[in-house]
Amino acid sequence: MAMVPQQGAAETFRSFCSAGYFYRKKNSSRKRQPAKMATGVDQAVGMSLVVFSLLLFTYYSVWVIILPFMDSDHILHTYFLPREYSVILPGIAAVILLLCIGAFTAVIMWKNRKPKKVD
Amino acid sequence: MTKLLEWLLGVSLVLAAWAVVSFDLLELRLPQSYREAAWPMPLYLLVSFGCYSLGTVGYRVATFNDCDEASAELLGQIEEAKQDLRKKGLKI
């Protein structure tokens with residue numbers, strides 16, 4: 001950040017603050033506008049997330065809670081994997097999620113590294 | 001009793017109840033189906049919390065309203081602020 005050479009740090013800070021105050025005063029007079037509906041892609045993505053989470057919740061609930069009380073030869077058992085997978089699959093999903101978060105963080109930090117200043 | 005201690009007490013009570021039911025620590029001899037249903041409970045609560053979070057985020061994304069005029073006005077004010085600060089000597 002290049003500063004005007006004559007100004008000290010305190011004066012620059014004060015001029016920035018007054019600029020912010022000026023713009024804050026204008027913001028408080030912004031009128032309330034009539035809100036529009038969300039755009040098409042937003043609605044599609046949001047609704048698909050809601051439907052996916054509901055499906056996942058019902059499938060997992062039936063798998064974990066209802067299936068142990070059904071008889072072994074009930075037809076419902078054909079739609080569900082063996083019970084060991086009800087623990088293994090969320091574990092794998094959690095590991096994959098942590099891997100993605102770690103990779104994303106590493107990429108962002110790699111892009112933002114700055115060479116050290118040489119005085 | 002601090003809030004942390006209260007939460008820890010509650011969590012440890014729930015965990016103790018779960019351990020007694022799923023590992024049969026008190027020799028209660030519950031039916032096998034009850035034990036099979038209770039054993040993955042912590043993981044099930046975690047998965048249902050994740051589903052709830054995902055559903056809430058998706059619902060809020062779908063119902064978030066656009067305000068076009070406010071967005072244009074804000075962008076204009078940002079431009080004004082940039083020019084004003086440039087005049088005062090800040091490189092943007």
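To find a chain, count down the sequence lines: A is the first, B the second, and so on, and within it residues start at 1. The model shown is predicted, which means the values in this text are computed figures rather than measured ones.
Between B:Leu43 atom CG and A:Leu89 atom CG the span is 10.5 Å, to the nearest 0.5 Å. The distance from atom OH of B:Tyr59 to atom OG of A:Ser53, rounded to the nearest 0.5 Å, is 13.0 Å. In this structure, B:Leu54 CG and A:Phe57 CZ are separated by 13.0 Å, a value rounded to the nearest 0.5 Å.
Residue B:Phe23 places its CZ atom among more than 12 non-hydrogen atoms of other residues, nucleotides or ligands, all under 6.0 Å distant. Environment of CZ in A:Phe52: sparse, with no more than 12 heavy atoms of neighbouring residues, nucleotides or ligands closer than 6.0 Å. In this structure, A:Leu98 places its CG atom where more than 12 heavy-atom neighbours from other residues, nucleotides or ligands lie under 6.0 Å away. The local environment of CZ in B:Arg60 is sparse, with at most 12 non-hydrogen atoms from other residues, nucleotides or ligands closer than 6.0 Å.
A:Gln43 approaches B:Ala62 most closely through the heavy-atom pair CG-O, 3.5 Å. A pairwise comparison of heavy atoms in B:Val47 and A:Pro90 identifies CG2-CB, 4.1 Å as the closest pair. Residues A:Arg83 and B:Glu36 approach most closely at NH2-O, 2.6 Å, considering heavy atoms. Of all heavy-atom pairs between B:Pro40 and A:Val64, the closest is CG-CG1, 3.9 Å.
Taking the side chain as every heavy atom from C-beta outward, B:Tyr44 and A:Ile65 approach each other to under 4.5 Å. In this structure, B:Tyr34 and A:Pro68 have side chains that are not in contact, with every pair of non-hydrogen atoms separated by 4.5 Å or more.
Residue contact with chain B, scored on non-hydrogen atoms closer than 4.5 Å, is absent for A:Ser48.
Counting heavy-atom pairs closer than 4.5 Å to chain A, the top-ranked of the candidates B:Cys51, B:Gly55, B:Ser53 is B:Cys51.
The hydrophobic cluster containing A:Leu97 does not contain A:Ile92, counting ILVMFWY residues as joined when their side-chain heavy atoms lie under 4.5 angstrom apart, directly or transitively.
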